[in-house]
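Right, one structure below, let's go through it.
Labels below follow one simple rule: chain letters A, B, ... track the order of the sequence lines, proteins then strands, and each chain is numbered from 1. Just so we're clear, the structure is a prediction, and the values are computed from it rather than from any experiment.
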There are 2 protein chains.
Amino acid sequence: MNLRERKKRRTRDALLRAALELFVTRGYEETTVDDIAAAVDVSQRTFFRYFAGKEETAFFVPRLAETLVVEALRTRPPGEVPLEALRRAVLESWDAINEAVAELVPIDLHLRVYRVIESTPALLAAHLRRSAELEEQLACIIAEREGLDVNADPRPRIVVALFGGVIRVTERLWSAGDDLTLDGMRQLTTTYLDQVGPALAGNWRAEQSP
Amino acid sequence: MNLRERKKRRTRDALLRAALELFVTRGYEETTVDDIAAAVDVSQRTFFRYFAGKEETAFFVPRLAETLVVEALRTRPPGEVPLEALRRAVLESWDAINEAVAELVPIDLHLRVYRVIESTPALLAAHLRRSAELEEQLACIIAEREGLDVNADPRPRIVVALFGGVIRVTERLWSAGDDLTLDGMRQLTTTYLDQVGPALAGNWRAEQSP
DNA sequence: GAGGCTAGTGACAGCCACTGACAATTGACA
DNA sequence: TGTCAATTGTCAGTGGCTGTCACTAGCCTC
């Protein structure tokens, strides 16, 4: 790798870390792009050469995680039922995700950024739109696994929507709670996915949830 | 109603209609607030006294629909299973929604705005965030109907997430297709909701979808 | 190793969404 | 009709973001 490229990578990482650090301490809206640029001692214009916008810094790391989940779903054995494949793809790519993330920013910082995303309207909106795009990808993969046409058969998109909905609910609960750890998130996710069956069964009053 | 209040209502409606008209003809990003204000011959500052931002004009009408759906769910008979109550609340408030909308803007305009929302990243993001808030409300109502605590029992949020997911999928398909009518949307919605059961049943390959 | 080439940068000007402050106007009401 | 309060316009300013242009620093060739 060139000196030029190494330098570029270094400023990008510095901008990224500075931005996230400022977001978690001062808040997203309270952080200006000038603040971020100043923290790394580059011009505002340079910031915009590395990131398309202030928003992008917040989602740079999550984007990594998404590609890994997609990857994981692609390599699931074809015998698994769709919901099962989705569940395992997410749970089993967890560790790989954290490894990849840790190379960019401290895990702790990354987790606290999630809370900022969830509590900042503008970021939450962007997050949901990105999630919708991810779900579309997943639906296509599921359809392919089952030998279906995504646009002709509603079912792939419906399962993915259900799955995505559950994930979103856990994300929200996790980021609002005080157990801001990876295992906390993982545990919450499995618990909620286990509840999908019971939630769709007819009468809730007959059998109470634990 | 005062002359003053009548005047206010008139400028607000004029701003709203002008904005939507510009959005569907020129595009959302290509329309500046100055354009909208100029079309109604008021100052830009006045626009911001009626709407918190450019975005709000696009969601002013949809907000109406949402409140009516919430209302409808509240008055569903307690005998209905959650998913059934949600389904009926949406389908049976349809007509009331259109009546209310028609008083503000031409239905046709409103429908074309939906397509703009769906195809404009910034608006889509905002739409998804708003939908998430609506889902939270619905989950609370469902929980209350079933005598549960939303925060203790995962199931209300899960069903609503599933339901909301299906609605979103139909919205997307409808706005992308060429049958931009109310009946088209209604029909698509019922079809997809009917597919929820089959989609969650184990093996898709055994029984093909129609 | 000098010189040209080019990617990366900074400085500047400008657009657009949005806000605060203050003055001017217009409807309400005695 | 005159006073009061609500509505509006004007102006100035902030923050995100983009285009332009000159300049510098690393790269590559001779």
Residues two or more places apart in sequence or in another chain: which of them pass side chain to side chain donor-acceptor pair (under 3.5 Å) with A/T46?
->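 By the side chain to side chain donor-acceptor pair (under 3.5 Å) rule, A/T46 matches A/S43.
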May I ask you to evaluate whether B/N2 reaches the phosphate of C/dG27, defined as a side-chain N or O under 4.0 Å from OP1 or OP2?
->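 For B/N2, the contact criterion (side-chain N or O under 4.0 Å from OP1 or OP2 of C/dG27) is not met.
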Report the distance from atom [atom1] of [X] to atom [atom2] of [N], rounded to the nearest whole Å.
X     : N      : atom1 : atom2 : answer
B/R6  : C/dT26 : CZ    : P     : 17 Å
B/R12 : D/dT8  : CZ    : P     : 13 Å
A/I36 : D/dC17 : CD1   : C1'   : 13 Å
A/D35 : D/dG16 : CG    : C1'   : 13 Å

Which pairs pass ring-ring contact (aromatic ring centres under 6.0 Å, His included) with one or both residues in residues 1-30 of chain A, sequence neighbours excluded?
->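 For residues 1-30 of chain A: A/F23-A/Y28.
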Return each pair, listed once, that meets ring-ring contact (aromatic ring centres under 6.0 Å, His included) where at least one residue sits in residues 134-162 of chain B; pairs must be two or more places apart or across chains.
->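 Listed by first then second residue: nothing to list.
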Test ring pair (Phe, Tyr, Trp, His ring centres under 6.0 Å) applied to B/F60 - qualifying residues, sequence neighbours left out =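 Once residues adjacent in sequence are excluded, the partners of B/F60 under the ring pair (Phe, Tyr, Trp, His ring centres under 6.0 Å) criterion are B/F51.
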Quick one: ring pair (Phe, Tyr, Trp, His ring centres under 6.0 Å) partners of B/F163, sequence neighbours excluded?
->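 B/F163: no ring pair (Phe, Tyr, Trp, His ring centres under 6.0 Å) contacts found.
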Set of side-chain contact (heavy atoms from CB on, under 4.5 Å) partners for A/P121, sequence neighbours left out | B/R129
By a strict heavy-atom criterion of less than 4.0 Å, which residues belonging to residues 118-130 of chain B are in contact with DNA chain C?
->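 None - not one residue of the stretch has a heavy atom sitting under 4.0 Å from the strand.
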Once you build an axis from the first five pairs and another from the last five of the helix from C/dG1-D/dC30 to C/dA30-D/dT1, how far apart in angle are they, to 10 degrees?
->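 Computed angle between terminal axes is 10°.
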Return all side-chain donor-acceptor pairs below 3.5 angstrom for residues 9-16 of chain A, not counting sequence neighbours, or 'none' if the list is empty.
| unit_1 | atom_1 | unit_2 | atom_2 | d |
| --- | --- | --- | --- | --- |
| A/T11 | OG1 | A/K7 | O | 3.0 |
| A/T11 | OG1 | A/K8 | O | 2.9 |
| A/T11 | OG1 | A/Y50 | OH | 2.9 |

Using 4.0 Å as the upper bound for N to carboxylate O, is an ion pair formed by B/R172 and A/E136?
->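 Answer for the salt bridge query: yes.
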Short N-O contact, B/E135 and A/R168, less than 4.0 angstrom = yes
With sequence neighbours excluded, tell me which residues meet salt bridge (charged side-chain N to carboxylate O under 4.0 Å, His left out) with B/E66.
-> B/R130
Return each pair, listed once, that meets side-chain hydrogen bond (donor to acceptor under 3.5 Å, both in side chains) where at least one residue sits in residues 115-124 of chain A; pairs must be two or more places apart or across chains.
->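 Residue pairs passing side-chain hydrogen bond (donor to acceptor under 3.5 Å, both in side chains), neighbours aside: none found.
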Whether each nucleotide of nucleotides 5-21 of chain C has a protein heavy atom under 4.0 Å at its base (B), only at its sugar-phosphate (S) or at neither (-) is summarised, 5' to 3', as --SSBBB-----SBBBB
